[in-house]
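In what follows, chains carry the letters A, B, and so on, assigned in the order in which the sequence lines appear, proteins first and then strands, with residues in each chain numbered from 1.
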Amino acid sequence: MTALHDWTLSPNEAIALQKELAPRIETRDRLGEVKRIAGVDIGFEDEGETTRAAVVLLAWPGLETLEEIVHREPTRMPYIPGLLSFREIPAALNAFERLSQRPDLVMVDGQGIAHPRRLGVASHLGLWLELPTIGIAKSRLCGRHGDVPEKCGDWTPLTHRKEIIGAVLRSREKVKPVFVSPGHRISLDTSIDWVVKCLAGTKLPEPTRRADRLASRRGKAFAHEKRQGELGIGD
DNA sequence: GCGACAG
DNA sequence: ATCTTGTCGC
């Protein structure tokens, strides 16, 4: 298996690797009792030169914060639609290595199997971590879908090549829906169930939302930032 | 051949 | 993704 630090693959090599790995993805539930849920989000700084991975570990139920990790490293690949995981996963894995506890479920910002070759960033990460993962994306990569119900919690299937690859979920009324798809070791129904259970009146489920918030905080000088107003409602 | 295209 | 303040609406 390719070493992580060697993931400087050409687009064609990356696509070949995806085709090789995709068959290993499981969409059958293999979750045990869920006590800890992690949220992951990757961002970029210095005009893309630096990749920043944020991981938040939350307790279930209750969603108290157990751990927060922010890891930075040089970016190694450009953004290419369909090959996002090769750009984001190295940093994400290094952030995960710093966690002292293992999550039972991971929510990732991006697609799971709702990908041209069924290997979106959530699936790819789940395969490497050997953990159940769910992809929650803010926009569509591939597939088609009908009108999305207006009621919070309702959804419509996302289809690609005659296959249901995900759900377009109305996570909050009057707000653009999110694209939920199984990453690894989890089914679509269970994925939707967990995403809905982690919603707190917001568009994004808590794990992903908290990772976003942690990541987008002013890069360098956040050690001196004030702590206040943690109870916002909007998104 | 012509669009579409997660973050 | 990121650059960025205030502002309209529920």
Donor-acceptor pair, side chain of A:Q111 and main chain of A:S139, under 3.5 angstrom
yes
Using whole Å, report how far CZ of A:F86 lies from C1' of C:dA1.
19 Å
Bracket string, DNA chain C, 5' to 3' - pairs by Watson-Crick or G-U geometry under 3.5 Å, | interstrand:
..........
Give A:L83 one of three labels, base, sugar-phosphate or nothing, depending on what nucleic acid heavy atoms sit under 4.0 Å from its own.
base
Check every nucleotide of DNA chain B for an atom under 4.0 Å from a heavy-atom of chain A, then give the first and the last such nucleotide from 5' to 3'.
B:dA4 to B:dG7
If you measure from the Lys or Arg side-chain nitrogens to the Asp or Glu carboxylate oxygens, is any gap between A:D41 and A:R213 under 4.0 Å?
no
Looking at every heavy atom in both A:L83 and A:P11, which two are closest together, and how far apart are they?
CD1-CA, 3.9 Å
Flag the pair A:L141 / A:P116 as yes when at least one side-chain heavy-atom distance between them is below 4.5 Å, and no otherwise.
yes
Which is true for A:G48 with a 4.0 Å heavy-atom rule: it touches a base, it touches only sugar-phosphate, or it touches nothing?
nothing
Can you tell me how far P of C:dA1 sits from CD of A:E45, to the nearest Å?
14 Å
What is the separation between atom CZ on A:R52 and atom P on C:dA1, rounded to the nearest whole Å?
10 Å
For A:R170, is there an ion pair with A:E150 - N to carboxylate O distance below 4.0 angstrom?
yes
For A:I42, report the nucleic acid contact type (base, sugar-phosphate, nothing); a contact means any heavy atom under 4.0 Å.
sugar-phosphate
Can we say A:R52 and A:E73 salt-bridge, meaning some charged N sits less than 4.0 Å from an Asp/Glu carboxylate O?
no
When all nucleic acid strands are considered with a 4.0 Å heavy-atom cut-off, which category describes A:Q111: base, sugar-phosphate, or nothing?
base
Does the side chain of A:F179 come within less than 4.5 Å of A:L169's, by heavy atoms?
no
With heavy atoms under 4.0 Å as the rule, sort A:G120 into base, sugar-phosphate or nothing.
base
Counting any heavy atom closer than 4.0 Å, what does A:Y79 reach on the DNA or RNA strands: base, sugar-phosphate only, or nothing?
base
Heavy-atom check, side chain of A:K203 versus side chain of A:V178, under 4.5 Å
yes
Test: A:R102 cationic atom under 6.0 Å from A:F96 six-membered ring centre, within 45° of axis
no
